[in-house]
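First comes the structure, then the notes that go with it.
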There are 2 protein chains.
Amino acid sequence: MDLSSYNNHYRILVAVDCIIFGFYGTQLKALLIKRGFEPEKGKWSLMGGFVREGEGIDEAANRVLHQLTGMKSIYMEQLCAFGDVNRDSAGRVISIAYFALINSTDYNKQLQLEHEAKWFPLSEIPELIFDHQKLLLKAKERLREKVACNPIGFELLPPKFTLPRLQLLYEAIYETPFDPRNFNKKMRSLGILNKLNEKERGSSKKGAYYYEFNSQNYKNVDKGIKKIV
Amino acid sequence: MDLSSYNNHYRILVAVDCIIFGFYGTQLKALLIKRGFEPEKGKWSLMGGFVREGEGIDEAANRVLHQLTGMKSIYMEQLCAFGDVNRDSAGRVISIAYFALINSTDYNKQLQLEHEAKWFPLSEIPELIFDHQKLLLKAKERLREKVACNPIGFELLPPKFTLPRLQLLYEAIYETPFDPRNFNKKMRSLGILNKLNEKERGSSKKGAYYYEFNSQNYKNVDKGIKKIV
DNA sequence: CCAAAAGTGTTCATGCTACACCCATGA
DNA sequence: TCATGGGTGTAGCATGAACACTTTTGG
């Protein structure tokens, strides 16, 4: 490799920061940690880490997500880069933000304790370090845009879920109620759900049918054309 | 500033690369340059530059755009970061991509010569260095998504333009013809155009009325709700 | 038998699509 | 006067929004 022509240029610390969304009860929440090192040690923060030598940025984001959740193959997408000169009080750091969606039922609670991580409803986010509030806000916007045309909401639910539950999720994301008749009709018409022959008991006496996401059908459809919500 | 806790981390070269779109005749084009330094000197490339000390990333993109076009206050938006380990053959470089829209009538041709820059129709892009082809593709996608709901197409036109010309622009972006009756109706109904009392002569005998973009009206509308195309 | 949540169908308004003719003018 | 591109309106269709009642069953 010939590095000669690049040698005199300024090198910068590059971090990845992850906005991790989960769906608990009726609330969309974000997973935050108590920062474990200076500066701003002990304050609430997004989970992040520096990009290492020989490590791609997506790889770095995956590593960071794995560190905190113990999960592999999390749904994850790059948001954008944040690079104001003084965004980090301890020096020049460019942060590449990722947002991730996880199914809250299967992740490692042990790791959560180690990192002093906590789920916060989006309406009750505490003060965050640096520009992390801004990253979180942008992630929320992007999630809405993305969910409107792409079936990624399912990433926030277990493989089997009921329609009322799916509706609660969309209501949490958009912070607005939907009409259950219209919602069901729309969802069924998209042809991306399989109705199972099994009911969920417990949240109602009648019981609601379970559905699963049919990704095969989705792939056959012209992506991004149909509006989901 | 206390840098102690960050000191042992790996620092990386960060570049910004700009995908610059322009509208010429009936074609959407991208501005490419002949790369002026090694590696890959003399090959076609996006215009880019390294992020400097004390310079924010948006600032860096503006600087790069100014260098090539001589224009200030160009419409510009961050696309995303590209950070695969071996994307640059000469070492680890993370690139933050920006796409820019410029009105082709008022930019500096002199600078174009100095950089050996050339406008290429999107259907005739030559081989590009590194992953620049990928950046360009992604920019094209993003432009379509963005233009569908935001009136940024006007950035590609002079302040005064005719409806047939605007239609040609949209047709170029979406690579598909529109019905002129429906297109006009839709555009007029959005209430973001001012019809001027002046006609463009030359492209037809009857002449077409000039319009200008009314950004004031646009700001009063609930953004991002209305679909433009 | 009653309370609580699940499930379903119809109507109306709106917006999108398709489509054909007259207008103004320079040559 | 004619060729060229500019400009407009209508009817059918699909989609989204509003809205109320029946079903199931555990307690």
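Naming: A, B, ... by sequence-line order, numbering from 1 per chain. Excluded from the calculations below are hydrogen atoms, water molecules and symmetry mates; all remaining heavy atoms, backbone and side chain alike, are included. Worth saying up front: this structure is predicted, and the values here are computed from it rather than measured.
For the pair B:R165 and B:K205, both in contact range of DNA chain D, the more 5′-proximal nearest nucleotide belongs to B:K205.
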TODO: Run the numbers on B:K160 and B:E198 for salt bridge (Lys or Arg N to Asp or Glu O under 4.0 Å), then give the verdict.
DONE: CA-CA 10 Å; B:K160 288 179 357 186; B:E198 189 188 352; 2.9 Å; yes
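Using a 4.0 Å cut-off between charged side-chain N and carboxylate O, B:R35 and B:E116 make no salt bridge. Here A:E141 does not pair with A:K138 in a salt bridge; the nearest charged N to carboxylate O distance is not below 4.0 Å. Salt bridge present: A:R144 and A:E175 bring a charged side-chain N and a carboxylate O closer than 4.0 Å.
The six-membered or imidazole ring of B:F154 lies near that of B:F161, with a centre-to-centre distance under 6.0 Å. For A:Y170 and A:F183, the distance between ring centers is under 6.0 angstrom.
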- [ ] Sugar-phosphate atoms are those with a prime plus P, OP1 and OP2; base atoms are the rest. Using that split, label each nucleotide of nucleotides 7-16 of chain D B, S or - for protein heavy atoms under 4.0 Å, 5' to 3'.
- [x] SBBB-----S
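For DNA chain C, the contact window with chain B, defined by any atom under 4.0 Å from a protein heavy atom, covers C:dC16 to C:dG26 in 5' to 3' order.
When the options B:I57, B:D17, B:I19, B:L135 are evaluated for a side chain to side chain contact (heavy atoms under 4.5 Å, CB included) with B:Y98, the one that passes is B:I57.
In this entry the distance linking CD of B:E171 with C1' of D:dG5 reads 14 Å, nearest Å.
In this structure, A:T176 and A:F178 have side chains that are in contact, with non-hydrogen atoms separated by less than 4.5 Å.
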